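Given the structure is predicted, the values throughout are model-derived calculations rather than measurements. Chain A is the first sequence line, chain B the second, and so forth, proteins listed ahead of strands; every chain is numbered from 1.
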Number of protein chains: 2
Amino acid sequence: MAGKVTIQDIANMCQVSKSSVSRYLNGGYVSEENKEKIKDAIEKTGFSENFFAKRLKTKKTCLIGIVIPRIDSVSVGKLLNGISDVFDANNYTSLIQISNLDSKKEVQCIQSLYQQGVDGIIVDSCGITKKHIEMAGQLDIPLLFTGQKNEYVNYKVIDDYAAGAIMGKYFRNFKHRNVVFLGVSESDESVGIYRKQGFIDAFGDAGTVRFVETDFSFLAAYRKGAEVMKSKPTAVICATDNIALGLMRYFNEQQIKVPQDVSLAGFGGYDISSVMYPRLTTISFDYTLLGQKTALSLLRLINGEEINLQDEIPLKLIERDSVQMAVNEIE
Amino acid sequence: MAGKVTIQDIANMCQVSKSSVSRYLNGGYVSEENKEKIKDAIEKTGFSENFFAKRLKTKKTCLIGIVIPRIDSVSVGKLLNGISDVFDANNYTSLIQISNLDSKKEVQCIQSLYQQGVDGIIVDSCGITKKHIEMAGQLDIPLLFTGQKNEYVNYKVIDDYAAGAIMGKYFRNFKHRNVVFLGVSESDESVGIYRKQGFIDAFGDAGTVRFVETDFSFLAAYRKGAEVMKSKPTAVICATDNIALGLMRYFNEQQIKVPQDVSLAGFGGYDISSVMYPRLTTISFDYTLLGQKTALSLLRLINGEEINLQDEIPLKLIERDSVQMAVNEIE
DNA sequence: CTGTTAGCGCATTCAC
DNA sequence: GTGAATGCGCTAACAG
């Protein structure tokens with residue numbers, strides 16, 4: 001029965017004009033006396049304002065669009081948590097659309113969100129194409145990317161190159177000379193290129209890095225086990241914790257001991273990596289913080305302010321039990 | 001620059017009235033000639049209708065509210081996937097709110113969603129309180145619960161009792177006589193009561209079932225390891241795969257072999273359970289299907305149709321490597 | 001401090 | 001078939 005009462009109704013009840021009610025609602029000048037009356041009437045009727053009318057009038061929709069690649073991913077979950085922390089606090093509601101890791105669908109989602117009248121859009125992208133850049137230029141609302149970066153658009157990302165570099169230096173110091181980097185396709189620039197390249201550059205001439213390509217799933221990594229071990233590496237660095245987990249299963253089956261027979265490391269710092277056995281050494285990304293910063297930045301953009309693209313998210317190497325000093329063969 | 005063009009603008013361009021444009025948009029009578037002109041104008045300008053104005057006018061918002069307990073959970077992710085399958089296909093957009101496993105917040109989310117003018121709400125609840133029931137009665141839009149059930153509200157759930165029963169029968173047949181059920185608090189009726197009770201009833205007088213309480217996190221389960229093993233059970237049944245995973249870490253550390261020393265099983269059928277070593281025997285729930293059915297049911301409710309509460313989701317026991325026949329001590 | 005007035009963009013009578 | 005007129009519920013000048 002609620003929901004049908006309008007500000008006109010409560011204006012009538014209080015013998016005031018609806019302007020006064022509107023002012024009451026929006027913090028304008030209203031006499032104490034009327035304030036009381038209006039407050040009572042609102043409580044009694046259970047009145048709630050009509051968002052559509054309000055938005056139609058004010059142009060500010062207080063709606064944010066978010067495009068994510070998939071929903072069932074730990075990192076996306078944390079990112080979303082961070083984002084909603086900020087938007088909840090600022091009275092924005094978010095419309096979430098799922099691109100299913102499809103770049104084309106991603107563009108469609110942006111379109112659809114735009115049509116819904118959102119004030120701005122966050123895109124957790126899996127690959128920025130020319131089409132994305134084109135849209136970013138055409139739309140009259142701000143677009144902010146995360147997950148991937150590109151010089152022609154606004155973005156807020158993890159510093160994947162730096163993360164790779166930390167890991168590269170770590171394994172170099174641990175005297176590993178023959179390692180495998182189990183990574184993903186370069187179509188995902190962040191993980192496929194920057195993260196890998198950071199590792200390679202920092203590892204430098206310490207030894208050889210062989211690259212094996214897989215995707216983000218447990219299963220694919222598990223299946224790559226034999227190929228990974230072909231070169232008898234002393235360590236395997238996986239582009240994500242998930243990948244490490246899949247490989248771990250292969251190791252278990254083959255009775256390959258971690259870290260005695262081979263060291264293993266990942267990226268991500270998911271909860272799961274601390275509950276595996278052995279616990280996985282990894283670089284943790286604070287996706288929740290990334291989400292918060294991304295949301296904050298979008299808000300700035302919406303208000304016409306500038307944002308700082310270089311404001312990076314802290315990275316932390318979490319040393320656990322899956323890596324040991326290499327026992328180098330006599331050469 | 002797009003987004004500002006209204007039906008009035010394109011009406012002017014075509015020398016027709018905006019009524020005609022509106023008719024064109026909504027499939028009313030328009031002459032072929034005008035149809036063409038309007039179509040061209042729309043394409044040229046990139047016109048898109050203002051959702052708020054439309055919704056203000058038509059009352060149908062085509063918006064659905066969804067309340068979930070957390071975002072970073074596999075089951076919630078799958079559920080959401082199923083839900084969005086259906087809503088995407090029916091041109092509904094969803095507003096998602098996160099309750100953080102807090103019953104009070106859940107009610108607030110429902111309120112907030114209602115105020116946003118959604119046509120209906122799906123609540124993936126972690127506990128239905130009197131407040132929930134009260135709201136369900138007051139609101140003039142349909143409310144559909146999932147995750148938890150209650151005789152006073154509409155719901156669509158997994159049959160947790162049946163799932164527990166399948167597991168109970170399984171362990172009974174496998175001759176286990178001294179087992180531990182590592183479950184969660186009864187405040188979560190579905191998992192805490194029905195799932196457990198189903199197990200106990202089906203296991204029956206085959207032996208003793210000791211109950212140990214934990215929460216849904218890996219870590220808590222890991223910490224309960226010692227308490228779980230105190231009674232030297234031949235099998236541990238965990239209320240979720242996550243819980244099994246946490247316990248597994250304890251077993252690994254303690255050199256307790258699964259399934260040789262103790263059998264282990266979970267509920268959920270998450271991907272992760274197939275990549276653990278040993279692979280976890282579990283009961284898989286099709287959360288995606290549940291999501292689809294839930295969404296479909298809400299649509300029916302919105303259209304004033306009846307829904308079938310008893311239409312259950314299929315359950316499947318997935319036998320893998322973590323359970324073996326009990327080697328019973330001579331008695 | 002308050003009421004009156006005028007739209008926001010659209011769908012929908014109702015005459016033509 | 002089409003256009004003019006009306007109002008959805010609300011905010012924002014504007015004069016009082």
*Are Asp124(A) and Ile66(A) close enough that some pair of their side-chain heavy atoms sits under 4.5 Å apart?*
no
*asked:* Quick one: does any side-chain atom of Ser22(B) pair with a main-chain N or O of Lys18(B) as donor and acceptor, under 3.5 Å?
replied: no
*Can you figure out which of dC8(C), dC10(C), dC1(C) approaches the side chain of Tyr29(A) most closely?*
dC1(C)
*asked:* Under 4.0 Å from a heavy atom of chain A: give me the 5'-most and 3'-most nucleotides of DNA chain D that qualify.
replied: dG9(D) to dA13(D)
Look for any protein N or O under 3.5 Å of an N or O in nucleotides 14-16 of chain C and output each such pair with its distance, or none.
none

*Look at all strands and tell whether Phe51(A) reaches a base, only sugar-phosphate, or nothing, counting heavy atoms closer than 4.0 Å.*
nothing
*Any side-chain hydrogen bond (donor to acceptor under 3.5 Å, both in side chains) pairs touching residues 299-308 of chain B, not counting sequence neighbours?*
Arg300(B)-Glu305(B)
*Over its full length, what angle do the end axes of the helix from dC1(C)-dG16(D) to dC16(C)-dG1(D) make, each axis taken from five pairs and the result rounded to 10 degrees?*
40°
*Does Ser84(B) have any side-chain hydrogen bond (donor to acceptor under 3.5 Å, both in side chains) partners at least two apart in sequence or in another chain, and if so, which?*
none
_Nucleotide of dC10(C), dC8(C), dT2(C) approaching Val30(A) most closely (side-chain heavy atoms)_ = dT2(C)
*With Phe285(B), which residues qualify under ring pair (Phe, Tyr, Trp, His ring centres under 6.0 Å), at least two apart?*
Tyr287(B)
*Would you indicate whether the side-chain heavy atoms of Tyr194(B) and Val157(B) approach each other to under 4.5 Å?*
no
*Hey, does Lys59(A) reach any base, or is it just sugar-phosphate, or nothing, if we go heavy atoms under 4.0 Å?*
sugar-phosphate
*Find which nucleotide of DNA chain C each of Gln8(B) and Ser31(A) is nearest to by heavy atoms, and output the residue with the more 5' nucleotide.*
Ser31(A)
*Atom CG of Leu56(A) and atom P of dG7(C): how far apart are they, to the nearest Å?*
14 Å
*By side-chain hydrogen bond (donor to acceptor under 3.5 Å, both in side chains), which residues pair with Asp9(A), not counting sequence neighbours?*
none
*Go through the structure and list residues passing side-chain hydrogen bond (donor to acceptor under 3.5 Å, both in side chains) with Ser190(B), not counting sequence neighbours.*
Gln148(B)
*If you measure only the distance, is there a donor-acceptor pair under 3.5 Å linking the side chains of Asp140(B) and Tyr114(B)?*
yes
*Do Asp286(B) and Lys78(B) meet the salt-bridge criterion of a basic N to acidic O distance under 4.0 Å?*
no
*Which part of the nucleic acid does Ser22(A) contact within heavy-atom distance under 4.0 Å: base, sugar-phosphate only, or nothing?*
base
_All side-chain hydrogen bond (donor to acceptor under 3.5 Å, both in side chains) counterparts of Tyr155(B), not counting sequence neighbours_ = none
*If you look at every strand shown and take non-hydrogen atoms under 4.0 Å, does Lys54(B) touch a base, only sugar-phosphate, or nothing?*
sugar-phosphate
*What's the NZ-C1' distance between Lys60(B) and dT12(C), to the nearest Å?*
18 Å
_Using the salt bridge (charged side-chain N to carboxylate O under 4.0 Å, His left out) criterion, which residues pair with Lys35(A)? Sequence neighbours excluded._
Glu32(A)
*Using a cut-off of strictly less than 4.0 Å between a heavy atom of the residue and any atom of DNA chain C, enumerate the qualifying residues of residues 34-44 of chain B by number.*
none
*asked:* Would the distance check show the side chain of Ser99(B) and the main-chain N or O of Lys105(B) forming a donor-acceptor pair, the cut-off being under 3.5 Å?
replied: no
*So what does Ser19(A) hit on the nucleic acid, given a heavy-atom distance under 4.0 Å: a base, only sugar-phosphate, or nothing?*
base
Return a table of donor-acceptor pairs under 3.5 angstrom between the side chains of residues 127-137 of chain B and protein atoms on other chains or two or more places apart.
| from | atom 1 | to | atom 2 | distance (Å) |
| --- | --- | --- | --- | --- |
| Thr129(B) | OG1 | Lys131(B) | N | 3.3 |
| Thr129(B) | OG1 | His132(B) | N | 3.4 |
| Thr129(B) | OG1 | His132(B) | ND1 | 2.7 |
| His132(B) | ND1 | Thr129(B) | N | 3.0 |
| His132(B) | NE2 | Glu106(B) | OE1 | 2.8 |

_Both Lys18(A) and Ser20(B) contact DNA chain D. Which one's nearest nucleotide lies toward the 5' end?_
Ser20(B)
_Among dG9(C), dG3(C), dA11(C), the nucleotide that comes nearest once only the side chain of Asn26(B) is considered_ = dA11(C)
*Rounded to whole angstroms, how far apart are CG on Asn12(A) and C1' on dG3(C)?*
13 Å
